[in-house]
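Shown next, in structure tokens, is the structure this report addresses.
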Protein chains: 2
Amino acid sequence: MTDARGRANRGPSAGPGNRLAILAAARERFARDGLAVPLSAIAKDAGVGQGSLYRHFPDRLALAVAVFDENLDAVEVVVAEDSTTVADLLDLVEQQAVLAPALVDLMWQHQRDARVAPLGERVRAIAEVVVARDRAAGLVGEHVEAADVLAAISMLADLTARASSPNASSLDLDDQRRRARRLIDAALGSLPGR
Amino acid sequence: MTDARGRANRGPSAGPGNRLAILAAARERFARDGLAVPLSAIAKDAGVGQGSLYRHFPDRLALAVAVFDENLDAVEVVVAEDSTTVADLLDLVEQQAVLAPALVDLMWQHQRDARVAPLGERVRAIAEVVVARDRAAGLVGEHVEAADVLAAISMLADLTARASSPNASSLDLDDQRRRARRLIDAALGSLPGR
DNA sequence: TCGATACCGGACATCCCTGTCCGGTTGTCG
DNA sequence: CGACAACCGGACAGGGATGTCCGGTATCGA
């Protein structure tokens, strides 16, 4: 028998290939359709039976955590460079389109879940590092804290998600996104004390 | 027979009471659970059969439009007062919790729908009026446009929706919301030219 | 070579939401 | 007073997603 990708069923050891295919498909789907995409669709994209998907990832959360864990690895690599600024971070959010919103969704909706909480910690740590760096360089208002950057990311992510939804006049939404970004840049650049 | 509200089935003329009950239930549900709440739940809340709900409002959109049309009436009354500022408008968004987000959702997701477009126009008009007033009073940066306020409302609404979701540490989320609001206030107060 | 084993894929039962349809009830009019 | 008509409520079929289960297949060890 051959599966959808033309690979023969290799029995007991399809190796890690199957798991990786699922992760890749999940990342793409989460990014395009949001966190609520049917898992069956992900399985189909990965060329894998639903059984395999549920065996590797018992539920949606497990899959999502795996995807974002991987994703944060990449972000941390970028942030490790000294030249990375808050603005770069926000660029990243906008580029990843719906992936960042999905992460934000996940974090807020399941922050009590033992598997999700560490993700939140990682995100917070990333924000801390970049804010500290920017504040030292004067790129950001003196009173800006990591939590402010997180708030900005949440807001921007939501708007970006809308803009990449399958619908409607992307022109208006792109305009909205640009304005939102400008507002946030302005705010972070000159945030007064409370 | 008596219905859930103890009113007898009055046959051909239950009057407008039924319609109003549905609208009230819908408003409350949309506000608490978002735009995607099952219509059957709304019908139950209203003490009305699904048949009646679908007779009055052929689909979810029709119901949503009716709810928000009514809602915008109220907002317009508030805005008509000369003393209403952009900040007041944002306050309104925060107070209405998830209702505003639901409206924003609806507007972006179905902006091409002939029934929804007018809602968008009304919102835009409201923003125009208030921005013009605030700009004259110097309450807002010279380069702030109505579209900027709309972007701000969208962002704030999303965050507010999260904060009123049934889940998790409202403390953190409230903090996020406050920070977001502060960012937006700061941005609108001193938005530089592009 | 041949059986045991572990994993794979997809069929399937289940659940929930949607939107329709129909019997029942109650005012109204002749 | 009786028949009609309008409206009401809830049952029900359709569609889709979820998570489970089982027959099938490739590898490994004897």
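Just so we're on the same page: letters track the sequence lines, and every chain starts at 1. Note that these values count all heavy atoms, side chains included, but never hydrogens, waters or copies made by symmetry.
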Dump every N/O contact between nucleotides 16-23 of chain D and the protein below 3.5 Å, one line per pair.
{"from": "dT18(D)", "atom 1": "OP1", "to": "Arg60(A)", "atom 2": "NH2", "distance (Å)": "2.1"}
{"from": "dT18(D)", "atom 1": "OP2", "to": "Leu39(A)", "atom 2": "N", "distance (Å)": "2.9"}
{"from": "dG19(D)", "atom 1": "OP2", "to": "Tyr54(A)", "atom 2": "OH", "distance (Å)": "3.3"}
{"from": "dG19(D)", "atom 1": "N7", "to": "Gln50(A)", "atom 2": "OE1", "distance (Å)": "3.3"}
{"from": "dG19(D)", "atom 1": "O6", "to": "Gln50(A)", "atom 2": "OE1", "distance (Å)": "3.3"}

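At whole-Å resolution of the value, CG in Leu53(B) and P in dT20(C) are 12 Å apart. Taking atom NE2 on His56(A) and atom P on dA6(C), their separation rounds to 16 Å, with Å as the unit. Distance, Leu35(B) CG to dT18(C) P: 11 Å, rounded to whole Å. Between Lys44(B) atom NZ and dT18(C) atom P the separation is 13 Å, expressed in whole Å. One interatomic measurement links the two molecules: CD1 of Ile42(B) to C1' of dG10(D), which rounds to 17 Å at whole-angstrom precision.
Criterion: ILVMFWY side-chain heavy atoms under 4.5 Å apart, direct or through other members. Under it, Tyr54(A) and Ile42(A) are part of a common hydrophobic cluster.
The side-chain contact (heavy atoms from CB on, under 4.5 Å) with Val79(B) is formed by just one residue from the set Leu72(B), Thr85(B), Leu92(B), Ile126(B); it is Ile126(B).
No donor-acceptor distance shorter than 3.5 angstrom exists from the side chain of Arg115(B) to the backbone of Val65(B), with no hydrogens or angles considered.
OP1 and OP2 of dC7(D) both lie 4.0 Å or more from every side-chain N or O belonging to Asn18(B).
Nearest heavy-atom pair across Leu183(A) and Ala187(B) is O-CB, 3.2 Å.
Among pairs with a residue in residues 60-70 of chain A, those fulfilling side-chain hydrogen bond (donor to acceptor under 3.5 Å, both in side chains) read Arg27(A)-Glu70(A), Asp69(A)-Arg122(A), at least two apart in sequence or across chains.
Using a cut-off of 4.0 Å between Lys/Arg side-chain N and Asp/Glu carboxylate O, Arg162(A) and Asp158(A) are scored as not salt-bridged.
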